[in-house]
Amino acid sequence: MDTRISGTTGLLGVIGSPIRHSGSPLMYNFCFDYYGLDYVYLAFECNEDQVNETLDAIRRLQMRGANVTMPCKQAVAKQMDRLSKAARYVGAVNTIVNDQGVLTGHMTDGLGVIGDLKDHGKTIEGKDVILLGAGGAAGAIMVQCALDGARSVTVFNRGEAGLSKARAIGERMREEQVKCRMEYHLLREEEKLYQAISQGDILINATSVGMRPMSEGQSLIQNKDVFHENLVVYDVIYNPPVTKLMQDALEGGCRKENVIGGKGMLLWQGAAAFQLYTGLEMPVKQLKEFLEKREEGKEK
Ligand code: NAD
């Protein structure tokens with residue numbers, strides 16, 4: 001039994017469905033233990049039509065906050081008292097902070113990629129970013145790149161519907177003076193795609209293409225010649241750890257340290273949320289060591 005928990009212990013959690021597989025409780029509870037913070041973090045099953053009563057419970061139980069995952073991110077955004085810029089542009093929330101009953105919704109998924117890039121010594125300021133996809137993850141990444149000073153973001157998506165949504169978000173940012181050049185193209189505009197990559201700084205795959213088991217071994221970039229020495233390639237996919245896109249980028253001439261898989265994204269979006277909850281930096285180095293040891297233990 002955990003003797004750390006007492007009558008004063010504050011509650012946080014993650015809400016969504018399905019939720020029982022979530023790695024978040026382990027991650028946050030490790031960090032609370034590390035700092036000796038009097039909090040505990042649990043996972044709560046919640047579908048879209050239970051969002052209102054769950055938000056009432058967050059207030060009623062005076063929870064410090066909650067992370068939000070599928071399928072509740074958009075429904076939660078509609079019910080917040082306040083929204084961060086990123087959450088407002090994207091129209092989705094993955095982190096709720098409760099300040100004496102006032103709920104603020106944040107979106108830290110984009111910070112997950114930017115934090116992980118930073119952890120690998122890469123910055124986003126002044127960079128030309130090529131973004132594959134226009135779904136939930138892509139929208140958050142697009143907005144955060146623009147807010148954090150990318151020179152341009154060029155979005156390529158399979159269908160027109162997703163592209164229109166991305167364009168609408170970009171338009172709102174432009175109206176509010178976010179200084180970033182945005183372009184939107186269909187993936188089948190191959191010439192534009194290859195030109196953007198060969199002239200760009202950072203290519204981010206934010207689609208599910210390449211993921212195990214559905215599309216492992218697939219990549220949206222067929223022409224390895226477009227990869228170049230100075231290009232950073234980031235794939236949000238973390239299973240498998242090296243995707244076809246990453247393999248091709250390496251074979252096409254990208255430097256090893258410039259080809260990064262999505263394993264750190266989850267960690268760094270969590271680090272941003274942890275800071276919002278506690279005002280403290282997540283002990284990322286120690287957390288990584290702890291998670292690696294656990295993985296090794298499982299493999300034995
Ligand atoms: P989503 O369903 O909202 O979007 C999926 C995107 O993939 C869309 O843009 C869609 O057009 C595109 N896509 C799917 N199949 C395609 C194909 N065959 N050709 C071209 N485009 C295709 O999903 P999401 O929430 O944005 O997640 C996208 C991926 O990001 C998932 O694989 C998810 O696991 C991953 N992800 C990783 C992390 C992380 O921490 N590393 C976090 C969030 C999401």
Side-chain angles (χ1 to χ4, degrees), residues 14 16-19 21-24 26-27 48 67-77 86 90-95 107-117 119-120 130-145 153-170 184-190 193 203-222 233-246 259-274 282 284 287-288 291:
V14 56
S17 184
I19 203 65
H21 67 287
S22 172
S24 294
L26 185 68
M27 182 165 99
E48 272 173 295
N67 288 106
V68 183
T69 186
M70 296 310 287
C72 301
K73 290 180 175 187
Q74 284 88 0
V76 164
V90 178
V93 158
N94 78 337
T95 304
M107 170 46 72
T108 69
D109 281 349
L111 288 169
V113 171
I114 289 174
D116 198 20
L117 283 169
D119 194 35
H120 286 82
I130 303 98
L131 182 64
L132 307 179
I141 295 166
M142 174 184 100
V143 164
Q144 203 63 51
C145 286
V153 179
T154 308
V155 180
F156 288 88
N157 192 51
R158 178 173 52 176
E160 191 53 64
L163 216 49
S164 298
K165 276 192 201 157
R167 198 180 280 116
I169 295 173
Y184 314 92
H185 299 284
L186 289 168
L187 272 165
R188 62 169 175 269
E189 295 175 60
E190 274 195 352
L193 174 64
L203 169 67
I204 302 174
N205 174 45
T207 74
S208 47
V209 176
M211 192 162 84
R212 187 175 285 163
M214 302 290 277
S215 60
E216 187 172 4
Q218 291 177 28
S219 166
L220 292 172
I221 308 302
Q222 309 299 334
V233 175
Y234 192 95
D235 201 332
V236 299
I237 306 292
Y238 53 84
N239 187 18
V242 180
T243 60
K244 171 92 163 79
L245 170 70
M246 292 165 69
V259 179
I260 306 162
K263 196 173 147 197
M265 179 180 170
L266 192 67
L267 204 65
W268 286 100
Q269 65 79 26
F274 185 79
M282 186 177 249
V284 171
L287 177 59
K288 272 187 196 167
L291 294 175

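It should be emphasised that the depicted structure is a prediction, and the values quoted were computed from it without experimental measurement. Both ligands and their constituent atoms are indexed starting at 1 by order of listing. Position 1 is the first residue of the sequence, and the numbers go up from there. Just so it is clear, the values below take in all heavy atoms, side chains as well, and ignore hydrogens, waters and symmetry mates.
Taking the side-chain contact (heavy atoms from CB on, under 4.5 Å) definition, one finds that Ala206 meets it with Leu131, Ala138, Ile141, Val236, sequence neighbours left out. For Pro71, the side-chain contact (heavy atoms from CB on, under 4.5 Å) criterion is met by Ser17, Glu48, not counting sequence neighbours.
For the side chain to side chain donor-acceptor pair (under 3.5 Å) condition, the pairs that include at least one residue of residues 262-273, sequence neighbours left out, are Asn94-Gln269, Thr108-Gln269.
Thr243 has its side chain out of reach of Asn205: every pair of non-hydrogen atoms, C-beta onward, lies at least 4.5 Å apart.
When only modelled atom types and interatomic distance are considered, Ser24 and Asn67 share no side-chain donor-acceptor pair under 3.5 Å.
When each of Ile221, Asp235, Val209 is paired with Leu132, the side chain to side chain contact (heavy atoms under 4.5 Å, CB included) condition holds for Ile221 and for no other.
Sorted by chain then number, the residues whose non-hydrogen atoms approach ligand 1 to under 4.0 Å are Gly133, Ala134, Gly135, Gly136, Ala137, Asn157, Arg158, Leu187, Ala206, Thr207, Ser208, Val209, Met211, Leu220, Val236, Ile237, Tyr238, Gly262, Met265, Leu266.
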